[in-house]
Amino acid sequence: MKIIEAIDYQDMSKIAADYIIQKVNQSPKIKLGLATGGTPLGIYANIIADHQKNGTSYRDVMTFNLDEYVGLSGENPNSYRYYMDHNLFNQIDINKNNTFVPRGTTDNVLNECALYEDLLTKHNGIDLQILGIGANGHIGFNEPGTPFNTATHVVELTASTRQANARYFNSLEEVPTKALTMGIATIMKSKEILLLISGEQKKDALKRLLTENTIDERFPASVLKNHPYVTIIADKTAIAGLKVHS
Ligand code: GLP
């Protein structure tokens, strides 16, 4: 895993966005894996600004999101489909038909998981996956203990993850208890991974990732050490006190 040290959140977002933009310019049909949460917002803002200023086109880009809450439709402002539409897709020239987010309101969530996995296989998988990390090391919604060989599946969200995400809802009770998520095996099939880590709350997760040698299902992000092409971009607050060799 290569690590790039950014000064702060803004710098991390700019470095990551520039990297993605460069990849899109090199490969206009790139398939991007996208993440939600607070961390990637700055990346998306930079991508929009560059699109407006320099005209980088996303016309032929395909995107696949990591996860979605079970029970929330795309019109619900807390759904990840809504988040993606409003924070990125509506402001660039991407064809919405080429943007995929698991559907949280299907009658048959297990079938939706299988369809999503098939869709990824049909398109030969993701070229570049953007990842955030949970304070407990979760990637996507793969909570500690998730077997590394899982494909897209339904998860029961942990109390700590619901608590962490409650800031976007009116109350903790409103946070869904389940989500659909790409599995760890799905994420590991991406050809390249960009992992973004920013801020005080992620310090311990980054420390575990960089200092513990074990690859353990109790700390999902540790699986990334088995991936051949991972770049971590972390800001100084998250890195604080760690010795990193970029
Ligand atoms: C959420 C998402 C993850 C995200 C993580 C961190 O639960 N499912 O994909 O990476 O938690 O979120 P944030 O960036 O808001 O800290």
Side-chain angles (χ1 to χ4, degrees), residues 6 8-10 12-13 16-17 20 32-46 63-72 76-84 86-88 100-104 113 116 126 128-146 150 152-169 172 174-184 186-188 190 193-209 219-224 230-235 237-239:
D8 54 15
Y9 177 78
Q10 272 72 28
M12 178 195 76
S13 303
I20 297 163
L32 297 175
L34 299 179
T36 52
T39 307
L41 282 174
I43 298 180
Y44 300 148
N46 275 286
T63 66
F64 298 89
N65 264 77
L66 281 168
D67 43 23
E68 180 60 285
Y69 289 114
V70 170
L72 301 194
N76 186 313
N78 282 314
S79 72
Y80 288 160
R81 162 52 77 181
Y82 187 98
Y83 168 115
M84 289 311 307
H86 290 262
N87 291 310
L88 183 64
F100 300 98
V101 181
R103 288 172 301 166
C113 293
Y116 204 66
I126 288 164
L128 176 62
Q129 174 69 55
I130 316 304
L131 276 188
I133 188 170
N136 63 3
H138 75 233
I139 49 176
F141 266 133
N142 293 285
E143 299 284 19
T146 308
T150 42
T152 301
H153 63 297
V154 183
V155 289
E156 194 81 41
L157 298 175
T158 62
S160 70
T161 296
R162 291 185 67 237
Q163 189 77 55
N165 291 358
R167 66 189 191 276
Y168 300 110
F169 293 78
L172 179 60
E174 274 185 28
V175 184
T177 54
K178 290 187 172 131
L180 291 143
T181 183
M182 280 187 202
I184 294 196
T186 324
I187 294 170
M188 288 295 281
S190 312
I193 293 175
L194 208 52
L195 173 64
L196 288 312
I197 308 186
S198 163
E200 185 70 32
Q201 316 89 295
K202 304 294 171 69
K203 236 171 110 168
D204 288 347
L206 180 61
K207 187 175 174 195
R208 283 186 76 176
L209 192 58
F219 186 64
S222 64
V223 75
L224 298 174
V230 176
T231 305
I232 301 172
I233 310 179
D235 67 9
T237 316
I239 291 176

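Just so you know, these numbers use all the heavy atoms, side chains as well, and skip hydrogens, waters and symmetry mates. Counting starts at 1 for both ligands and their atoms, following the listed order. Start at 1 with the first residue, then count along the sequence.
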Taking 4.0 Å as the limit for heavy-atom contacts, which would you say applies to [X] with ligand 1: side chain only, backbone only, both, or neither?
X	answer
T181	neither
R167	side chain
L131	neither

Do you see a donor-acceptor pair shorter than 3.5 Å between the side chains of [X] and [Y]?
X	Y	answer
T158	E143	yes
N78	Y83	no
H153	T181	no

Polar atom proximity, [X] to ligand 1 (N or O, under 3.5 Å):
X	answer
G134	no
T161	no
H138	yes
F141	no

Report task. Starting from the C-alpha separation in whole Å, work towards a yes-or-no answer on side chain to side chain donor-acceptor pair (under 3.5 Å) for Y69 and N76. Result -> CA-CA 10 Å; Y69 289 114; N76 186 313; over 6 Å; no

Any side-chain heavy atom of [X] within less than 4.5 Å of one from [Y]?
X	Y	result
T39	M12	yes
V175	Y168	no
P176	V70	no
P220	I184	yes
I197	I232	yes

Compare [options] and give the one whose heavy atom is closest to [atom].
atom	options	answer
atom 15 (O) of ligand 1	S198, G38, A35	G38
atom 4 (C) of ligand 1	V155, T36, N136	T36
atom 6 (C) of ligand 1	I133, I139, T39	I133

Give a yes/no verdict on whether any heavy atom in [X] is under 4.0 Å from an atom of ligand 1.
X	value
G140	yes
Y69	no
Q201	no

Query raised in the report: Is a side-chain N or O of N165 found less than 3.5 angstrom from the main chain of R162, in a donor-acceptor match?
Result: no

Query raised in the report: So which of N46, L34, L32 actually passes side-chain contact (heavy atoms from CB on, under 4.5 Å) with I20?
Result: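 When side-chain contact (heavy atoms from CB on, under 4.5 Å) is applied between I20 and each of N46, L34, L32, only L32 qualifies.
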
Requested in this report: Identify the protein heavy atom lying closest to atom 16 (O) of ligand 1, giving its residue, its atom name and the separation to 0.1 Å.
Outcome: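 That would be K202 NZ, 2.6 Å.
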
Query raised in the report: For atom 8 (N) of ligand 1, which protein heavy atom lies nearest, and how many Å away is it?
Result: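 It is D67 OD2, 2.9 Å.
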
Taking only heavy atoms of [X] into account, list the atoms of ligand 1 that are under 4.0 Å away from them.
X	answer
G132	10 (O)
Y168	15 (O)
N165	1 (C), 7 (O)

